[in-house]
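Numbering of ligands and ligand atoms starts at 1, following listing order. Note that this is a predicted model, so its numbers are computed, not measured.
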Amino acid sequence: MSSKLDVVLGLQWGDEGKGKIVDALAARYPAVARFQGGPNAGHSLHFEGKSFVVRSIPSGIFRDGSVNIIGSGVVLDPVTFKEECASVSAMGIEPKGRIVISKKAHLILPTHKLLDAAYEAAAGKGKIGSTLKGIGPTYTDKVGRHGLRVGDILSPDFKGRFAKLKERHHRLLDDLGFEYDPTHGEAEWMDAVEFLKEFELVDCEYLVDKWLASGKPILAEGAQGSMLDVDFGSYPFVTSSSTTVGGVCTGLGLAPSKVGKVFGIFKAYCTRVGSGPFPTELFDETGEELRRIGHEYGAVTGRPRRCGWLDLVALKYTSMIDGVTDLIMMKSDCLDDFDTIKICTSYKVNGVETDQVPFDIAAEIEPVYTEFPGWKKDITGARSESELPKEFMDYVKFVEDYIGVPVSVISVGPDREATIKR
Ligand code: IMO
Ligand code: MG
């Protein structure tokens, strides 16, 4: 009997804890696939007293036997990938044979990163707050039909095509008045391209189809969050890929009917790194407290994350777009110490109350909150629902009722074991 492809998606602005959940779920799936994004992602895993951050490699890499697919919708920086592989090898896991890469994934060139920096420098106040990993410029070239793909590295005129694209980028950089070294990063990049050739380069759509047809389920791992989706996020303060469920189909070459469960991950509060609207952002001590307790600093850039209360208007919006079947609540323990906890249940947009995310990102949004008494107990040791305080379960129940989807997993700490399935 054929299997389905289940999906893990971040429902907020990224950094929801996708890595931990993919690692936890991966034991049940023979393959894990990334379908969009690139090394702007930083997925943190903690197990056996060790910590690890994956960027382009799927988070299934630390589960014995699982094959990890880098799908067609991904943008791959060979240099970062090679570095990541070295770190994985240092953990005693051989990445070759465990990772396959779609020939259709696009390559991030060193000049894409320069362009990212040049556009941000030119943007002034309109800065996106990009991770500067070359994501936007690489997707721009993909859609503009100038891009280089992983499969192209095997072509005899690869170096010529590289040179042509690089020159195009140099012209753009010159136009922007950006100073750069014309050979910046090239030798290292070419070296890393040779390293890529040691991996199996695949036609991902055929591979995925064959696996599912033979009864092997696949888990797709989203990067970033649905509120950063290029179409449905707070444009232009978004990333350049489809982070919502549709991106799974376009990024892997998969029919929608083959998508099974959609696990939607959210933190028990909210964070955002980079610019753009964030209605529940806290600028006071409570926000600082959340940042301190949750260690809310970017895994890729080290930037402090903006912190705020849980926003159910945004969560319901993304759960709707993604067709979430199961909610997964992360970092619940980070709220242990608060006397009062707030949840945003509607917005006042330019003074008018609504439960919808507005189109206008410049609109003044005032969050309307419902308050909950804190549970004031350390829940990190809990391993079953019966060990969780009533006040905490009331909070969970409120979220479930508002969204209309069950919370099937509750995470109470960073470790693999601190995960309660319901
Ligand atoms: P994971 O997968 C949080 C944000 C950046 C910036 C915007 C655009 O770890 O959840 P980009 O580099 O894509 O051009 O940046 O998106 N951003 C993320 N924020 N988590 C991420 O990934 C992110 N990847 C990009 O901060 O605001
Ligand atoms: Mg992250």
Check your understanding: Hey, is Lys166 close enough to Glu186 for a salt bridge, meaning N to O under 4.0 Å?
Key -> yes
Review point. In the protein, what heavy atom is nearest to atom 12 (O) of ligand 1, and what distance, to one decimal place, separates them?
Key: Thr131 OG1, 2.5 Å
Review point. With a 4.0 Å cut-off, would you call Lys331 and Glu296 a salt bridge?
Key: yes
Point to revise | Residue from Asp326, Asp6, Asp322 passing salt bridge (Lys or Arg N to Asp or Glu O under 4.0 Å) with Lys261 | key: Asp326
Practice item. Using only heavy-atom distances, determine whether the side chains of Thr138 and His106 contain a donor-acceptor pair under 3.5 Å. Key: no
Revision key, fill the gap. In this structure, atom 25 (C) of ligand 1 is nearest to the protein heavy atom Gln224 CG, 3.7 Å
Exercise for review: Check the side chains of Ser102 and Ser72 for a donor-acceptor pair under 3.5 angstrom, ignoring hydrogens and angles.
Suggested key: yes
Study note, to complete from the structure: Value for OH (Tyr369) from CG (Leu310), rounded to nearest 0.5 Å, stands at 10.0 Å
**Study point:** Atoms in ligand 1 with a heavy atom of Arg303 nearer than 4.0 Å
**Key:** 5 (C), 26 (O)
Practice item. Give the numbers and elements of all ligand 1 atoms closer than 4.0 Å to a heavy atom of Trp13. Key: 3 (C), 19 (N)
Exercise for review: For the Mg ion (ligand 2), find the closest N/O/S atom on Asp15 and give its atom name.
Suggested key: OD1
Review point. Of the backbone atoms (N, CA, C, O) and the side-chain heavy atoms from C-beta on, which set of Arg272 has a member under 4.0 Å from an atom of ligand 1: side chain, backbone, both, or neither?
Key: neither
Practice item. Considering only NZ, NE, NH1 and NH2 on the basic side and carboxylate oxygens on the acidic side, decide whether Glu198 and Lys96 come within less than 4.0 Å. Key: yes
Practice item. Would you tell me which option among Leu228, Val238, Thr239 has the nearest heavy-atom contact to atom 17 (N) of ligand 1? Key: Leu228
Point to revise | Any N, O or S atom of Gly42 closer than 2.8 Å to the Mg ion (ligand 2) | key: yes
**Study point:** Distance filter under 4.0 Å to Ala41 heavy atoms, resulting ligand 1 atoms
**Key:** 1 (P), 2 (O), 9 (O), 22 (O)
Point to revise | atom 11 (P) of ligand 1 [closest protein heavy-atom partner, distance rounded to 0.1 Å] | key: Ser130 OG, 3.7 Å
Review point. Within 45° of the six-membered ring axis of Phe47 and under 6.0 Å from that ring's centre, is NZ or CZ of Arg416 located there?
Key: yes
Check your understanding: Closer than 4.0 angstrom: is that true for some heavy atom of Gly129 and an atom of ligand 1?
Key -> yes
Check your understanding: Can you find an N/O atom of Asn40 closer than 3.5 Å to an N/O atom of ligand 1?
Key -> yes
Practice item. Give a yes/no verdict on whether any heavy atom in Arg305 is under 4.0 Å from an atom of ligand 1. Key: no
Review point. For His43, is the nearest heavy atom under 4.0 Å from an atom of ligand 1?
Key: yes
Practice item. Under 4.0 Å from a heavy atom of Ala223: give me the atoms of ligand 1 that qualify, with their elements. Key: 2 (O)
Revision key, fill the gap. From the list Thr301, Thr239, Thr131, side-chain hydrogen bond (donor to acceptor under 3.5 Å, both in side chains) partner of Asn40 resolves to Thr239
Exercise for review: Write out the residue and atom name of the closest protein heavy atom to atom 3 (C) of ligand 1, then the distance separating them to 0.1 Å.
Suggested key: Asp15 OD2, 3.1 Å
Review point. Any ion pair linking Asp415 and Lys20 (charged N to carboxylate O, less than 4.0 Å)?
Key: no
Review point. With a 4.0 Å cut-off, would you call Asp77 and Lys113 a salt bridge?
Key: yes
Review point. What part of Lys18, side chain, backbone, both or neither, has a heavy atom within less than 4.0 angstrom of ligand 1?
Key: side chain
Revision key, fill the gap. So the atoms of ligand 1 within less than 4.0 Å of a heavy atom of Gly14 turn out to be 3 (C), 10 (O), 20 (N)
Check your understanding: When only distance counts, is Glu16 in polar contact with ligand 1, meaning an N/O pair under 3.5 Å?
Key -> no
Check your understanding: Which of parallel (below 30°), tilted (30 to 60°) and perpendicular (above 60°) describes Phe81 and Phe195?
Key -> tilted
Review point. Are any side-chain N or O atoms of Arg291 and backbone N or O atoms of Arg305, one a donor and one an acceptor, separated by less than 3.5 Å?
Key: yes
Review point. At what distance is the nearest protein heavy atom to atom 19 (N) of ligand 1, and which residue and atom is it?
Key: Val273 CG1, 3.4 Å
Point to revise | Test of proximity, Gly42 against ligand 1: N or O pairs below 3.5 Å | key: yes
